[in-house]
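Beneath this line is the structure, given in structure tokens, with notes to follow.
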Amino acid sequence: MHNDIREVLFTQEELASRVHEIGASITQDYADAAQQGIVLVSVLRGAAIFMADLARAIELPVEMDYMAISSYGNGAKSSGVVRILKDLTSDIQGRHVIIAEDILDSGLTLKFLMKNLASRNPASLEVATLLRKKTKAQADITCKYVGFECPDEFIVGYGLDYAERYRNLPYIGVLKPEIYR
Ligand code: IMP
Ligand code: MG
């Protein structure tokens, strides 16, 4: 696995400390909102690891729920096609929803998701994305919490995959282009 990585972008320690910072911000920002309930929504499968760590960095009661959507095949390019494979279990009406995303690339996935969740009338709807790719046209999306800006390359690790591999790398790195070409 490690041999397929060209460059490490964020070490395990850097990820842990940034996730803790985001968790602390959420704890502050939502202190008064906790009564209505906070629902963390993770987009499977990439964001599951981020959300698991983020949830433990938030010192308020949170519910965790999961959605599965597909926008990428096994390739490295966004298809723009978004399909719900698994919907939420909880009713989010009147709740404070925070979507935990792994990476914001074109923004197509998130745009679809936000529209879909907003139509269910949550008390509030925000996004926490671990990574945001630079230099990309991102379909007018406001992310309240962004972990790191990252280069416009194909990256893997800490939940992010290429063809379902590398999700279990404890750090985030750039995949060698010869692997996906
Ligand atoms: P978007 O719709 O183009 O913003 O793509 C978002 C989704 O594509 C993310 O949630 C990831 O699952 C996946 N994705 C985008 N860029 C990468 C990458 O560099 N590595 C791995 N997955 C990626
Ligand atoms: Mg994703």
Side-chain angles (χ1 to χ4, degrees), residues 1-12 14-15 18-19 22 26 39-55 64-88 97-119 125-181:
M1 260 195 327
H2 302 286
N3 285 336
D4 297 346
I5 304 302
R6 198 190 67 204
E7 180 195 350
V8 174
L9 292 178
F10 308 109
T11 65
Q12 191 169 0
E14 286 168 333
L15 290 169
R18 190 70 189 110
V19 170
I22 298 172
I26 292 176
V39 185
L40 290 180
V41 170
S42 150
V43 187
L44 294 172
R45 287 169 264 189
I49 290 182
F50 170 51
M51 188 169 91
D53 285 343
L54 180 63
M64 295 160 82
D65 206 343
Y66 304 88
M67 266 182 106
I69 57 185
S70 95
S71 69
Y72 271 47
N74 277 349
K77 278 256 168 72
S78 183
S79 67
V81 180
V82 182
R83 209 154 50 95
I84 295 187
L85 304 176
K86 183 219 168 291
D87 206 344
L88 296 177
V97 176
I98 305 171
I99 302 174
E101 248 294 36
D102 48 2
I103 185 165
L104 186 57
D105 186 2
S106 72
L108 288 173
T109 312
L110 206 53
K111 192 176 180 179
F112 163 85
L113 202 65
M114 292 199 69
K115 203 174 150 194
N116 184 289
L117 296 188
S119 73
L125 179 62
E126 299 290 353
V127 178
T129 186
L130 179 65
L131 302 166
R132 182 164 64 191
K133 278 194 185 172
K134 271 183 241 167
T135 72
K136 274 269 170 143
Q138 278 149 359
D140 46 282
I141 291 189
T142 322
C143 285
K144 189 160 184 184
Y145 308 99
V146 179
F148 299 100
E149 303 280 344
C150 69
D152 187 16
E153 287 178 284
F154 202 78
I155 61 181
V156 294
Y158 194 73
L160 291 159
D161 73 308
Y162 172 64
E164 294 310 320
R165 294 182 60 203
Y166 311 104
R167 291 195 197 276
N168 59 324
L169 280 179
Y171 54 83
I172 285 178
V174 179
L175 195 59
K176 287 181 181 165
E178 58 262 37
I179 307 289
Y180 59 85
R181 257 186 211 134

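In listed order, ligands and their atoms are each counted from 1. Not measured: the values here are computed from a predicted model. Residue numbers start at 1 and run along the sequence shown.
- Near Leu108, with a cut-off below 4.0 Å to any heavy atom, the atoms of ligand 1 are 2 (O), 4 (O).
- Between atom 22 (N) of ligand 1 and the options Leu44, Leu160, Thr129, the minimum heavy-atom separation is to Leu160.
- Checking side-chain atoms of Arg18 against main-chain N and O of Val146 turns up a donor-acceptor pair under 3.5 Å.
- In this structure, the side chain of Lys144 does not engage the main chain of Ile26 through any donor-acceptor pair within 3.5 Å.
- At least one heavy atom of Lys133 sits closer than 4.0 Å to an atom of ligand 1.
- The closest side-chain donor-acceptor pair between Tyr158 and Asp53 falls under 3.5 angstrom.
- The Thr109 neighbourhood of ligand 1 comprises atoms 1 (P), 2 (O), 5 (O), 6 (C), with distances under 4.0 Å to a heavy atom of that residue.
- Those atoms of ligand 1 with a heavy atom of Ser106 less than 4.0 angstrom away are 1 (P), 2 (O), 3 (O), 4 (O).
- The distance from atom CG of Leu110 to atom CD1 of Ile99, rounded to the nearest 0.5 Å, is 5.5 Å.
- A distance of 8.0 Å separates CG in Leu85 from CD1 in Ile69, rounded to the nearest 0.5 Å.
- Of all the heavy atoms in Lys134 and Asp152, the pair that sits closest is O-CB, 3.9 Å.
- Near Ile103, with a cut-off below 4.0 Å to any heavy atom, the atoms of ligand 1 are 6 (C), 9 (C), 10 (O), 11 (C), 14 (N), 15 (C), 16 (N), 17 (C), 23 (C).
- Near Asp102, meaning under 4.0 Å from one of its heavy atoms, ligand 1 places the atoms 9 (C), 10 (O), 11 (C), 12 (O).
- Note: an N/O pair closer than 3.5 Å links Ile155 and ligand 1 by distance alone.
- Atoms SG and CD1, from Cys150 and Ile103 in turn, are 4.0 Å apart once rounded to the nearest 0.5 Å.
- Within ligand 1, counting atoms from 1 as listed, the ones closer than 4.0 Å to a heavy atom of Glu153 are 19 (O).
- Each of Ile172, Leu104, Leu9 was evaluated against Leu131; a single residue qualifies, Ile172, per the side-chain contact (heavy atoms from CB on, under 4.5 Å) test.
- Each of the atoms 10 (O) of ligand 1 lies under 4.0 Å from some heavy atom of Glu101.
- Within ligand 1, counting atoms from 1 as listed, the ones closer than 4.0 Å to a heavy atom of Asp161 are 21 (C).
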